[in-house]
Student: 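One structure is given below, represented as structure tokens, and several questions about it will come after.
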Amino acid sequence: MATSLKTSSTFCSTQQNRWLQPTRDLILHSSSHSNVKQCKSKKIKRPASLCVKATSSKVELDFNDPSWKQKFQEDWEKRFNLPSITDIYDLKPRPTTFSLKKNRTPTGDENVDMWNGYVNNDDRALLKVIKYSSPTSAGAECIDPDCSWVEQWVHRAGPRKEIYYEPEEVKAAIVTCGGLCPGLNDVIRQIVFTLETYGVKNIVGIPFGYRGFFEKGLKEMPLSRRLVENINLNGGSFLGVSRGGAKTSEIVDNIQARRIDMLFVLGGNGTHAGANAIHEECRKRKLKVSVVAVPKTIDNDILLMDKTFGFDTAVEEAQRAINSAYIEARSAYHGIGLVKLMGRSSGFIAMHASLSSGQVDVCLIPEVPFTLDGELGVLGHLEHLLKTKGFCVVCVAEAAGQDLLQKSGATDASGNVILSDIGVHMQQMIKTHFKDIGVPADVKYIDPTYMVRACRANASDAILCTVLGQNAVHGAFAGFSGITSCICNTHYVYLPITEVIKAPKRVNPNSRMWHRCLTSTGQPDFH
Ligand SMILES: Nc1ncnc2c1ncn2[C@@H]1O[C@H](COP(=O)(O)OP(=O)(O)O)[C@@H](O)[C@H]1O
Ligand SMILES: O=P(O)(O)OC[C@H]1O[C@](O)(COP(=O)(O)O)[C@@H](O)[C@@H]1O
Ligand SMILES: [Mg+2]
């Protein structure tokens, strides 16, 4: 099995940003004039608009070259290959101990393999299924100027027939990092259940995120099916969470000292970066440790996957806040309901909650700039709404309109930028504006921030957590490390962590979903 690749590729194109969105490692270079780019390679003597350099695999693509697609796919395969402990060790697998047959009355079925539904290492799922005919199609993600169809396969998740660990000898640890998220307990629970099904007896929880690896006095917690059986009935994390942390080398020292063989890491972008660093350090030290992540964040801001667990629940809760804002606004004379929703760098919660509630007149997200004042500004539109329907509801994402605010420059313990409060700012601006123009306006501001993430998972998240947690364990037993267990294009897959942490996922303002949101709110452009 080939080793994972650290990739950073360079693409040249004349169509800024319309191509190559799927992978984000393909960076567009702009030229000084006429939007024509220069290929850096001396070998390519043609309009640079049709060149691509994927430094990850040392492959340069020339869209005039008939074999460019094949080269792209070879590069893709290398990038999405799953790192494995077999890359550094010459290991012999053993037959899996994960068999559900023993849990049942024998049916007389002779084919145990069929019954258990093992996944083959060569099974793949397609990451993208739309063929865009033009880079101008809504939400188009094209690789070349003609938007050619290129298959982008990723590895299917699930139990393998052969495993690389002796379950009886395994010590498995679970850690939950970053902010809270509905479903953390569901994932912890399923990881424990699945580990026990394999026959693992030594399962521990690391308390309070990565902090549990270095803070003196924080002891690992032994976990078992009995102990975690009901933890999904509550929100939060049974193990506790935290931001910030020690150096990777200290964490790996601790992993070595505790003799951990499998580490399951639940968290967002930052946690994944940390998990990958741990995986790389273990690899450097030639440790037989599988580090498997499960993407957690209410923000839904992790690349390539359909959604992260907790997002659906957060949207459902956020919708309740919008509904309250609507009722308040509707019942007041010239009522304006204003709701601020979380999302560190993306507006997914605000967009989806606006769509699901159907009660929002203005949805503001960080991906789409807006002005408050002036002819095209939000305030003028609110005036219009009060005149025409008598009340209105505004939903603003926490990272929206940061350009309108003074930056504090502060960061949290993990190094994340602390955002300025757009909700409070808008509340003040709206009040001042209507006072200035002599129009009464009754502003009701709701900030449900922590309420949307402290609750327990809803039904759809609970199922997602169940599958992702189980698959994380299957991935570790299959010998993979430095991977994440997720859902892509409705299928459950493993992705190398390196591919999902290249940038935070953001709402595409050219996507159908954002346009659906605009259709639903009826809002104009605000800039
Ligand atoms: N680039 C990074 N490399 C290593 N560890 C990181 C990195 N970014 C964040 N972390 C660690 O990951 C944990 C969670 O990160 P944070 O950004 O707070 O939450 P999230 O994982 O939900 O995005 C913290 O303990 C933090 O120290
Ligand atoms: O106040 P806290 O706990 O630092 O968290 C605030 C942030 O946490 C989130 O809920 C989720 O962020 P993470 O996924 O990085 O944990 C963001 O929406 C929000 O900006
Ligand atoms: Mg984050």
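Atoms within each ligand, like the ligands themselves, are counted from 1 in listed order.
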Student: Answer yes or no: does an N/O atom from Asp412 fall short of 3.5 Å to an N/O atom of ligand 2?
Tutor: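 No - when backbone and side-chain N and O of Asp412 are compared with those of ligand 2, no distance drops under 3.5 Å.
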
Student: At a 4.0 Å threshold, what atoms of ligand 2 neighbour a non-hydrogen atom of Arg453?
Tutor: 2 (P), 3 (O), 5 (O), 6 (C), 7 (C), 8 (O), 9 (C), 10 (O)

Student: With only distance considered, is Asn416 within less than 3.5 Å of ligand 2 through an N or O on each side?
Tutor: no

Student: Indicate the atoms forming the closest heavy-atom contact of Leu239 with Gly205, along with that distance.
Tutor: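 Taking Leu239 first and Gly205 second, the nearest heavy atoms are CD2-CA, 3.6 Å.
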
Student: Of the choices Gly209, Gly244, Ser242, Cys177, which has the non-hydrogen atom that lies closest to atom 25 (O) of ligand 1?
Tutor: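 Nearest heavy atom to atom 25 (O) of ligand 1 lies in Gly244.
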
Student: Counting heavy atoms only, which part of Thr248 comes closer than 4.0 Å to ligand 1: side chain, backbone, both or neither?
Tutor: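 Answer for Thr248: neither.
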
Student: Looking only at distance, does Gly343 have an N or O less than 3.5 Å from an N or O of ligand 2?
Tutor: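 N/O-N/O distance under 3.5 Å: yes.
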
Student: We want to know whether His279 and Ser481 form a side-chain donor-acceptor pair, criterion being a heavy-atom distance below 3.5 angstrom.
Tutor: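 Their side chains do contain a donor-acceptor pair, which is all the 3.5 Å distance test asks for.
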
Student: As a check for students: among Ser414, Gly270, Gly274, identify the option with a heavy atom nearest to atom 24 (C) of ligand 1.
Tutor: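 When every heavy atom of Ser414, Gly270, Gly274 is considered, Ser414 comes closest to atom 24 (C) of ligand 1.
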
Student: Considering both backbone and side-chain atoms of Gly268, is one of its nitrogen or oxygen atoms within less than 3.5 Å of a nitrogen or oxygen in ligand 1?
Tutor: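 So ligand 1 has an N or O lying under 3.5 Å from an N or O of Gly268.
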
Student: Look up atom CE in Met305 and atom SG in Cys488, then write down how far apart they are to the nearest 0.5 Å.
Tutor: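 Reported value, rounded in 0.5 Å steps: 6.0 Å.
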
Student: Please report the closest heavy-atom contact between Cys181 and Phe309, naming both atoms and the distance.
Tutor: SG-O, 3.1 Å

Student: Do any heavy atoms of Gly179 fall under 4.0 Å from ligand 2?
Tutor: yes

Student: Pick out which of Thr313, Thr466, Thr308 makes a side chain to side chain donor-acceptor pair (under 3.5 Å) with Asp461.
Tutor: Thr313

Student: With a 4.0 Å cut-off on heavy atoms, is His272 in contact with ligand 1?
Tutor: no

Student: Distance-only, no hydrogens or angles: does the Thr248 side chain make a donor-acceptor pair with backbone N or O of Ala277 under 3.5 Å?
Tutor: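 A pair under 3.5 Å: no.
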
Student: To which of Gly245, Pro295, Ala273 does the heavy atom nearest atom 2 (C) of ligand 1 belong?
Tutor: Ala273

Student: Answer with yes or no whether Thr297 contacts ligand 1, where contact means a heavy atom under 4.0 Å from a ligand atom.
Tutor: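 No heavy atom of Thr297 comes that close to ligand 1.
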
